[in-house]
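Note sheet for the following structure.
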Amino acid sequence: MPYSGQFADTAVQMDNGIKLYVQRHGATVAGKKIEFIRKDTGGVAPDVAKQLAQELVVRDGVDILAGFVLTPNALAAADVSASAKKLMVIMNAATSIITTKSPYAVRTSVTLPQASETFGQWAAANGVKKAYTMGVGLSVRAHDAEQGFQRAFKDAGGEIIGSVRFPVANPDFSAFVQRAKDLNPEAIFLFVPAGAQPAAFAKALAERAIDAKKVKVLGTGEVTAEAALKSMGDASLGILTAWNCDPQHDTAQHTRPS
Amino acid sequence: MAWESQRGPMAIDPETRDVVQNIYIRRVEKVGGVPVNVIIDTIKDVKDPVLARTEEVKFIFSARSRACEDPARLRSGSPPSRGRTEAHCAWGAYFTRLRRQRPQFRDHWAIQRWRQPPHTDSIAAPRKTQFARSMKRGDVLAGIAGAFERFEPELIVALAVLLEQDMHDALDFLSVRAAIASSSRAT
């Protein structure tokens, strides 16, 4: 997991989840005590990930490789898992093909197509006829999300009136938002990787006065993650997202921290 | 493998080893003065659609033995007679699915055609035409691999049929696919 670098937030949260579970339920499963060895990949670094995975398997003799926030690292480690025949548990990385790279890989998190394709079907079924998709970043995740939404939306009878992808390094979304507004869509689907971008995006939307009642803003769950909601403030009201979990979700198992 | 989690019910699909879980549609609303995600809709038990499509194609490819051994799984409306080839059974399953998923093709002449019995001369031994003999197995496998990458199920089935050297049916299949493509352009 990337315990340092720009994705450290996610890794820390996952780690806290592990610690919380151990605190509540103990670290013994089926009579065996689980020991956790933590390695830091530092960010998108498939070579480092592969090397660390090999070290863990060969030197430390681990039985399970777990974690994996970023897809390139997960793919590199999948090779190790396949050749060493070790169970690999993917806890975060969200690209579909990872589980196909190793027959010993299991995913417990979510895949982007699950969210974006479901969203496409839901949007078409709930009265959205024309949509415009925007994807930030030239990564496989942006591709997965955008293509998934477009495919499901078109299959369910909607019309994609335009789409745009632009690199992550662009801090100013206003021009792209303006272009989207000019095409007059009923909904704008956007994929934005977690980080500072959602807040900047919401600001751009508010600046260009995209009325959330007329134009639905659709996104994957990262757009309205907790940290992003805090930084967006009122500009985020009315944004629809599709995701598999939420801290506000009230289920029997869920005890919200007070 | 299924369990109840903080997100709701979750399961691991044994075929793809990926999660099957609920996807929640949420809207940002002000609750207690703070914008939070409020769940407005739930779509239950979502599998990964990309892998499901691959699995569907793999099922069709391996459906030969399964579909013909277990006629109940075909769900094609008419039970398979003993004269049908294995490949025909697999396409029956595929076209049944296509009819269900794309209702605009339900009455298409090409799909209707598959309700007819197959060529009687392909029961005993598949026909090996000049073309089939000249195609190398490696090329066809490479074609299938490429089609998997692009997730083109029709192409994969056509190439799988070529692999079976049932050339006549493969060409028919490709012509049906072309007919569907042209009709979808027209509509």
Side-chain angles (χ1 to χ4, degrees), chain A residues 90 95-100 102-119 121-123 126 144 147-148 151-152 155 212 216-218 221 223-226 229-230 232-255, chain B residues 1-55 57-58 98 101-104 145 148-152 184 187:
Chain A
I90 301 160
T95 316
S96 310
I97 54 168
I98 304 178
T99 34
T100 62
S102 164
Y104 299 95
V106 165
R107 194 193 323 254
T108 59
S109 56
V110 70
T111 61
L112 270 177
Q114 264 179 340
S116 57
E117 291 211 8
T118 319
F119 211 6
Q121 281 175 356
W122 183 91
N126 279 275
D144 250 2
Q147 293 298 316
R151 188 193 188 114
D155 272 352
K216 295 195 176 78
V217 179
L218 314 173
V223 174
T224 55
E226 275 194 1
L229 274 180
K230 283 204 195 99
M232 283 196 276
D234 281 357
S236 64
L237 288 176
I239 295 183
L240 293 163
T241 51
W243 207 229
N244 63 325
C245 59
D246 193 87
Q248 305 295 327
H249 188 197
D250 219 348
T251 56
Q253 249 98 350
H254 195 100
T255 46
Chain B
M1 193 188 146
W3 69 95
E4 191 67 37
S5 81
Q6 285 89 336
R7 307 178 199 163
M10 281 184 70
I12 306 264
D13 184 355
E15 278 178 8
T16 60
R17 288 166 282 107
D18 222 315
V19 289
V20 178
Q21 60 195 324
N22 292 355
I23 295 282
Y24 304 101
I25 309 287
R26 323 154 326 161
R27 186 188 291 127
V28 179
E29 286 168 12
K30 247 196 184 154
V31 173
V34 174
V36 293
N37 288 312
V38 172
I39 295 176
I40 57 174
D41 210 351
T42 305
I43 295 122
K44 293 204 189 301
D45 297 329
V46 177
K47 293 191 179 191
D48 184 55
V50 167
L51 293 176
R53 278 193 289 271
T54 325
E55 290 309 314
V57 168
K58 283 191 205 160
L98 191 69
Q101 283 171 2
R102 313 272 175 101
Q104 63 264 37
F148 259 109
E149 299 264 331
R150 296 187 298 273
F151 295 114
E152 289 172 352
S184 66
T187 50

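Every chain is numbered from 1 and lettered A, B, ... according to where its sequence line falls, protein lines coming before strand lines. Computed over heavy atoms, backbone and side chain alike; hydrogens, waters and symmetry mates excluded.
- Rounded to the nearest 0.5 Å, atoms OG1 (A:T118) and CD1 (B:I23) are 5.0 Å apart.
- When each of B:D41, B:I12, B:N22 is scored by its heavy-atom pairs under 4.5 Å with chain A, the top score falls to B:D41.
- Proximity to chain A (any heavy atom under 4.5 Å) is restricted, for B:V20, to the backbone atoms N, CA, C and O.
- Proximity to chain A (any heavy atom under 4.5 Å) is shown, for B:I25, by both the backbone and the side chain.
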